[in-house]
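The next block holds one structure in the form of structure tokens; read it before the comments.
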Amino acid sequence: MLRFHNSLSRKKEDFIPLEKGKVKLYTCGPTVYDKAHIGNFRTFLFEDFLKRVLVARGFEVFHIMNITDVDDKTIKKSKDEGKPLSEITSYYTDLFNKDLTALKILPADVYPAATDHVGGMIKLIQSLMDKGHAYQTGDGSVFFSIESYKDYGALTKINLAGIQQSQRVESDEYGLDNPQDFALWKTYKDEDGDVSWDSPWGKGRPGWHIECSAMSMEYLGDHFDVHCGGVDNKFPHHENEIAQSICATDSPFVNMWLHSEFLLVDRGKMSKSLGNFYCVSDLFDKGFSAEEIRYIILSVHYRTKVNFTLDKQHEAKMGIQRILELRTRLADLGTEPTADFPNEIDGFNAALEDDLDAPNALAVFFDWIRTTNTALDNNKLSNEDSAKGLNFIAYFDSVFGVLPGEQSVPQDILDLVSEREEARKNKNWAKSDKLRDLINSKGFIVKDTSGGQKLSSK
RNA sequence: GGCGUCGUACCCAAGUGGUCUAAGGGAUCGGUUUGCAAAACCGCUAUUCGCCGGUUCGAAUCCGGCCGACGCCUCCA
């Protein structure tokens, strides 16, 4: 039985989907105004891990990730660069997709864009107006009245009386019934340029929170299973989403809220001035592989802050190497086809099912690796055991995605290896060692085993 | 000020009332193996879980205080 820590109850709860065997999943996507950084991808990798675990445990997952392509930041960028909003957002959406693919993140079923769903948002706002949960201010904007929803603050246990008043009061926030009321529809301002839609409340654009409500409901229905995001989205974003969704539909909204913790770099927030601000492409430039990035991030529990440092690459590299090493040993041993797994898979699954305890799952897996290596050393592994082991490794990787694909070896390396073979036959150790160094300098590791030379990439 | 998370070996990191004299990984050193290496395996590295009290037959795990780190309350994942 899968259990997840539900942010609503702050407890681990048994996961029971609304429809048996199927999971409706909504994850907050990027605002496409700039390159996404490694912190953003901590969350996307957590969500990918969640999805992979659900799939591995036999669930059919229907996954929606929105693209926020209209908001203050995108509009500002478009103005600053003097380009149409759509040009900016499609450029950064493409970059985002490239990063997702590069990091082996399984694609969502649909990536709805906010600008394609303004109609749905207007309907929701209308419903809120009709039911008295929303009101229009003097300048034409529409706000949600948090006092109209008695359970407001359930997610973050927010104490409205004690909340610190924002120092800043924007023009469209004049005339609010309650300073914490949030915008559903923002009336048109000159700086919005040509970004506007017509609505029953005049020309304008939607507020941020309403887009997730509209798009999740459009694809997943009023009531669905899981909604994820980073912790910083709990308030106000998710709190507001819950309020407006429930008030608009009079239906329960989301059963299970999962939030991933922050990624820190050098123990603090990333900042461009400190030079510790990394985009995915920056890390690739520094020689990180996608698998190493995944390993570093996934080897820490999603509700624990992860401190990203460049020196963790080595740890990741070694861990991955250890797994690949065993995979090669098993494949070399020979196999007898079987669909079974080693018994250790039970402990592995138990860890995953206990609120995605990846570190524990890794511990179980590495324990098994040691046991299996010992058995191999003692010639105590059958071909069937070997096949089971390979199945386990494949299953492991279907969840973690940290094993690189087979890499072809260039011909010049193969030539050096056969030259070395010749030298070894003649016990010309000096030449053999020299060739080993040369091969090493070209990015490959050669090992001498009882079965001859073995090549692997560094 | 309000809300919240966290502090476990040299480093990373699980565990959250007894099976904990605390998993797993990385690193170091020693050993087996090897032409030498590499890989693999074995051993060493926390009687202790930020500090101080308390509850309990029993606490890393619960409660209180203190110290320290971090986050949200500003359309930042």
Side-chain angles (χ1 to χ4, degrees), chain A residues 7 10 27-31 34 36-47 68 71-74 153 156-168 170 180 182-183 186 207-209 211 228-237 239-240 259-264 267-270 295-296 299-301 303-307 309 311-312 314-319 321-322 324-326 328-329 347 351 354 357-378 424 427-430 432-433 436-437 440 445-450 453-454 456:
Chain A
S7 300
R10 304 186 178 198
T27 60
C28 280
T31 301
D34 203 351
H37 55 68
I38 186 65
N40 301 119
F41 277 100
R42 198 265 165 110
T43 297
F44 301 136
L45 280 168
F46 142 66
E47 291 157 354
T68 300
D71 80 321
D72 293 353
K73 288 176 296 191
T74 46
T156 47
K157 307 276 186 286
I158 201 101
N159 174 0
L160 290 172
I163 204 163
Q164 186 174 317
Q165 301 291 302
S166 172
Q167 299 301 310
R168 195 191 54 175
E170 283 184 6
Q180 296 305 316
F182 56 90
K186 303 180 121 177
W208 176 37
H209 316 298
E211 69 165 84
C228 303
V231 271
D232 53 327
N233 272 163
K234 275 189 185 176
F235 191 87
H237 186 49
E239 198 72 80
N240 292 348
H259 291 95
S260 59
E261 251 298 344
F262 253 76
L263 173 141
L264 307 176
R267 299 222 159 273
K269 247 181 148 168
M270 271 184 276
Y295 189 100
I296 292 168
S299 60
V300 178
H301 188 94
R303 284 189 290 113
T304 301
K305 285 187 255 294
V306 57
N307 184 34
T309 55
D311 57 11
K312 280 192 173 171
H314 182 256
E315 200 171 320
K317 197 186 274 292
M318 290 299 118
Q321 201 61 245
R322 191 164 158 73
L324 291 176
E325 201 75 48
L326 177 64
T328 305
R329 288 188 85 183
D354 183 15
D357 193 342
N360 238 330
L362 275 173
V364 172
F365 191 63
F366 278 108
D367 254 337
W368 168 77
I369 286 181
R370 182 170 29 72
T371 311
T372 307
N373 271 318
T374 303
L376 278 163
D377 286 348
N378 299 322
R424 293 182 59 73
K427 295 202 188 298
N428 185 346
W429 305 128
S432 166
D433 291 352
R436 181 167 59 198
D437 289 346
N440 198 271
I445 296 165
V446 64
K447 291 183 293 192
D448 301 310
T449 71
S450 55
Q453 299 185 75
K454 293 281 180 209
S456 55

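Within every chain, numbering begins at 1; the chains are lettered A, B, ... in the order of the sequence lines, protein sequences first and strands thereafter.
Annotation: B/rC63 and B/rC6 have their P atoms spaced 12 Å apart (nearest Å). The C1' atoms of B/rU19 and B/rA37 are separated by 42 Å, rounded to the nearest whole Å. Comparing the C1' positions of B/rU28 and B/rC11 gives an interatomic distance of 11 Å, to the nearest angstrom. As rounded to the nearest Å, B/rG58 and B/rG65 have P atoms that lie 23 Å from one another. Only the P atoms considered, B/rU61 is 9 Å distant from B/rC49, to the nearest whole Å. When the P atom is compared between B/rG30 and B/rG71, the two are found 42 Å apart, to the nearest whole Å. Between B/rG17 and B/rC12, the two C1' atoms lie 27 Å apart (nearest whole Å). As rounded to the nearest Å, B/rC52 and B/rC57 have P atoms that lie 23 Å from one another.
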| message | With side chain to side chain contact (heavy atoms under 4.5 Å, CB included) as the criterion, how do A/Val446 and A/Asn440 come out once you've worked through the C-alpha distance, each side chain's angles and the decisive distance to 0.1 Å? | response | CA-CA 7 Å; A/Val446 64; A/Asn440 198 271; over 6 Å; no

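Side-chain atoms of A/Asn40 come within 3.5 Å of backbone N or O of A/His37 as a donor-acceptor pair. For A/Glu239 (side chain) and A/Gly153 (main-chain N/O), a donor-acceptor pair under 3.5 Å exists by modelled atom type. Side-chain N or O atoms of A/Arg42 include one that pairs as donor or acceptor with a backbone N or O of A/Phe262 at under 3.5 Å. The closest donor-acceptor contact from the side chain of A/Lys312 to the backbone of A/Asn307 lies under 3.5 Å.
Nearest-nucleotide mapping onto RNA chain B: of A/Glu315 and A/Ala430, the residue sitting toward the 5' end is A/Glu315. Mapping A/Gly229 and A/Val306 onto RNA chain B by nearest heavy atom places A/Val306 at the nucleotide closer to the 5' end.
Distances shorter than 4.0 Å separate none of the side-chain N or O atoms of A/Gln453 from OP1 or OP2 on B/rU34. Phosphate proximity of B/rC76 to A/Lys73: present, with a side-chain N or O under 4.0 Å from OP1 or OP2. For the OP1/OP2 pair of B/rA13 and a distance below 4.0 Å, the side-chain nitrogens and oxygens of A/His301 include no atom meeting the criterion. A/Thr304 has no side-chain polar atom (N or O) that falls below the 4.0 Å cut-off from OP1 or OP2 of B/rC6. The side chain of A/Arg322 places no N or O atom within less than 4.0 Å of a non-bridging phosphate oxygen (OP1 or OP2) of B/rG24.
Nucleotide B/rA40 forms a pair with B/rU32, judged by Watson-Crick or G-U wobble geometry with both contacts under 3.5 Å. Across all strands shown, B/rG4 forms a Watson-Crick or G-U wobble pair, both distances under 3.5 Å, with B/rC70. B/rG58: no Watson-Crick or G-U partner with both key distances under 3.5 Å is found in any strand. Applying the Watson-Crick and G-U wobble criteria (two distances, each under 3.5 Å), B/rC20 pairs with nothing in any strand. Base pairing analysis places B/rC10 opposite B/rG26; the two distances defining the Watson-Crick or G-U wobble pair are each below 3.5 Å. For B/rC51, the paired nucleotide is B/rG65, the pair qualifying as Watson-Crick or G-U wobble because both relevant distances are below 3.5 Å. With both pairing distances under 3.5 Å, B/rA46 is matched to nothing as a Watson-Crick or G-U wobble pair.
Note on A/Phe262: a base of the nucleic acid sits closer than 4.0 angstrom, heavy atoms only. Note on A/Asp357: only backbone sugar-phosphate atoms sit closer than 4.0 angstrom, heavy atoms only; bases stay farther off. In this structure, A/Lys305 reaches the bases: a heavy-atom distance under 4.0 Å links it to at least one base atom across the strands shown. The residue A/Asp367 sits close only to the backbone: its heavy atoms come under 4.0 Å of sugar-phosphate atoms, none of a base. Backbone-only contact: A/Asn373 has heavy atoms under 4.0 Å from sugar-phosphate atoms and none from a base. Using a 4.0 Å heavy-atom distance criterion, A/Thr374 is classed as a sugar-phosphate-only contact. Residue A/Leu263 is classed as a base contact, given a heavy-atom separation below 4.0 Å to a base. Using a 4.0 Å heavy-atom cutoff across all strands shown, A/Gly39 reaches at least one base atom of the nucleic acid.
In this structure, CG of A/Asn428 is placed 16 Å from P of B/rC36, rounded to the nearest angstrom. As a whole-Å value, the separation of A/Arg436 CZ from B/rA38 C1' is 7 Å. Taking atom CG on A/Asp448 and atom P on B/rG35, their separation rounds to 9 Å, with Å as the unit. In this structure, A/Leu264 atom CG and B/rC12 atom P are separated by 12 Å, rounded to whole Å. Distance A/Leu324 CG to B/rA38 P: 19 Å, rounded to the nearest Å. The distance from atom CZ of A/Phe41 to atom P of B/rA77 is 11 Å, rounded to the nearest whole Å. One interatomic measurement links the two molecules: NE2 of A/His259 to C1' of B/rC70, which rounds to 18 Å at whole-angstrom precision. Atom-to-atom, CZ of A/Arg370 to C1' of B/rC42 comes out at 11 Å; the value is rounded to the nearest Å.
With distances taken from any side-chain atom of A/Lys312 to the nucleotides B/rC12, B/rG35, B/rA77, the minimum falls on B/rC12. Closest contact between the side chain of A/Met318 and the listed nucleotides B/rG26, B/rG25, B/rC36 involves B/rG26. Closest approach to the A/Gln180 side chain among B/rU74, B/rC12, B/rC41 is made by B/rU74 (side chain taken as heavy atoms from C-beta onward). Nearest to the side chain of A/Ala363, among B/rG24, B/rA77, B/rG26, sits B/rG24.
With 3.5 Å as the limit, one finds no donor-acceptor pair spanning the side chains of A/Asp377 and A/Thr374. In this structure, a donor-acceptor pair under 3.5 Å is absent between the side chains of A/Thr304 and A/Glu261.
Atom OG1 of A/Thr43 is separated from atom NE2 of A/His259 by 9.5 Å, given to the nearest 0.5 angstrom.
The aromatic rings of A/His209 and A/His237 lie tilted to each other, with the angle between the two planes from 30° to 60°.
Applying the 5.5 angstrom centroid cut-off and the 30 degree plane-angle cut-off, the aromatic ring of A/Phe366 is not stacked upon the base of B/rG24.
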